[in-house]
Amino acid sequence: MGGFIKFTTATIAGALLANSVNAKPVVDTVYPYTGPEVPVGDWVDGTVNGNGKGFPRLVEPPAVKPASKNPTNNINVISVAYAGSGVNIHYQTPFGLGTNPEVKWGSSPNALVNTQTGSSHSYDRTPPCSQVVVTQCSQHFHEVQLANLKPDTTYYYKISAANGTTASDVLSFTTARDAGSKKG
């Protein structure tokens, strides 16, 4: 015939795979990293709290103002997300709670008559929260889910104190409206 070689997809894929298995990794050294050993956004000075270059740290106040001047644990972040006919209350602390996370809640800020517990998980971080300002570090993540709530209703909740944290103020959220309903 005309001297053509027929390649199948399997033949081409096999050849590419064989080449990639035997290939040596390539490191781009054209623009080597010359920055600090620790990410700039986490550090301010030459101690464990900084890099000495004067870069301002991006700091927000904690979600719960600690009851003491030097807290040993604190609720630093709180967020609420819709979860079906309820919500998921997520909050973060530098250290564990020593118990399941707990939220007291109800339909009135003065009557938090329900209590719901949740679960926690932790991730290691560098540096650990034990070496950073407590109100600027989160290593433990807590989830409490409130289910079977009425649609388009405002609920109130308070995160309970545990293991050195300060309880939150009474906070609120409004559940989603039923699908297709109009605000009246």
Side-chain angles (χ1 to χ4, degrees), residues 36-53 55-176:
E37 290 181 30
V38 182
V40 172
D42 267 356
W43 303 98
V44 178
D45 59 40
T47 68
V48 72
N49 291 320
N51 71 1
K53 299 191 185 279
F55 294 106
R57 182 173 180 166
L58 303 175
V59 177
E60 293 183 17
V64 175
K65 183 178 180 182
S68 68
K69 186 176 180 180
N70 295 310
T72 57
N73 204 1
N74 199 62
I75 299 171
N76 294 328
V77 176
I78 300 172
S79 62
V80 178
Y82 292 110
S85 62
V87 298
N88 186 48
I89 299 170
H90 166 89
Y91 62 102
Q92 301 174 11
T93 59
F95 305 105
L97 299 176
T99 186
N100 288 332
E102 179 183 271
V103 170
K104 296 189 180 299
W105 64 281
S107 57
S108 165
N110 299 319
L112 304 178
V113 297
N114 305 295
T115 301
Q116 183 65 43
T117 59
S119 61
S120 300
H121 54 277
S122 175
Y123 296 106
D124 286 339
R125 69 182 303 280
T126 303
C129 287
S130 61
Q131 295 181 346
V132 181
V133 178
V134 168
T135 57
Q136 297 174 2
C137 187
S138 294
Q139 194 168 334
H140 292 263
F141 303 85
H142 315 287
E143 314 288 339
V144 177
Q145 196 165 77
L146 308 181
N148 302 317
L149 303 176
K150 295 178 186 173
D152 197 22
T153 302
T154 299
Y155 289 94
Y156 300 86
Y157 70 98
K158 181 176 187 169
I159 298 171
S160 301
N163 192 31
T165 65
T166 301
S168 73
D169 291 335
V170 175
L171 306 168
S172 67
F173 61 86
T174 301
T175 54

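Distance check: Asn73 CG to His140 NE2 gives 8.0 Å after rounding to the nearest 0.5 Å. Note that the CG atom of Asn76 and the OG1 atom of Thr165 stand 10.0 Å from one another [nearest 0.5 Å]. The distance from the CG atom of Asp169 to the CD1 atom of Ile159 is 10.5 Å, given to the nearest 0.5 Å.
The ring-ring contact (aromatic ring centres under 6.0 Å, His included) analysis of residues 144-175, with sequence neighbours excluded, yields the pairs Trp105-Tyr155, Tyr155-Phe173, Tyr157-Phe173. Evaluation of the disulfide (SG to SG under 2.5 Å) test over residues 101-134, restricted to residues two or more places apart or in two chains, returns Cys129-Cys137. Within the structure, salt bridge (charged side-chain N to carboxylate O under 4.0 Å, His left out) contacts touching residues 93-107 (residues at least two apart or in different chains) are Glu102-Lys104. Evaluation of the side-chain hydrogen bond (donor to acceptor under 3.5 Å, both in side chains) test over residues 87-100, restricted to residues two or more places apart or in two chains, returns Asn88-Glu143, His90-Gln92, His90-Glu143, Gln92-Ser138, Thr93-His142.
Tyr82 is linked by a ring-ring contact (aromatic ring centres under 6.0 Å, His included) to nothing, counting only residues two or more places apart in sequence or in another chain. By the side chain to side chain donor-acceptor pair (under 3.5 Å) test, Ser172 pairs with no residue at all, sequence neighbours left out. Residues that satisfy the salt bridge (charged side-chain N to carboxylate O under 4.0 Å, His left out) test with Lys158, not counting sequence neighbours, are absent from this structure. With sequence neighbours excluded, no residue forms a side chain to side chain contact (heavy atoms under 4.5 Å, CB included) with Thr72. Judged as a side chain to side chain donor-acceptor pair (under 3.5 Å), and not counting sequence neighbours, the contacts of Thr154 are Thr174. Take Pro128 and apply the side chain to side chain contact (heavy atoms under 4.5 Å, CB included) test, not counting sequence neighbours, and it matches Ser130, Gln131, Gln139.
The nearest pair of heavy atoms linking Leu97 to Asn163 is O-CB, 3.2 Å. Contact detail for Thr175 and Pro151: the closest heavy-atom pair is OG1-C, 3.3 Å.
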query: Are Arg125 and Val132 close enough, and set up right, to give a side chain to side chain contact (heavy atoms under 4.5 Å, CB included), and what steps lead you there?
result: CA-CA 11 Å; Arg125 69 182 303 280; Val132 181; 3.9 Å; yes

Solution key, residues 61-69 side-chain donor-acceptor pairs under 3.5 Å, sequence neighbours excluded:
none

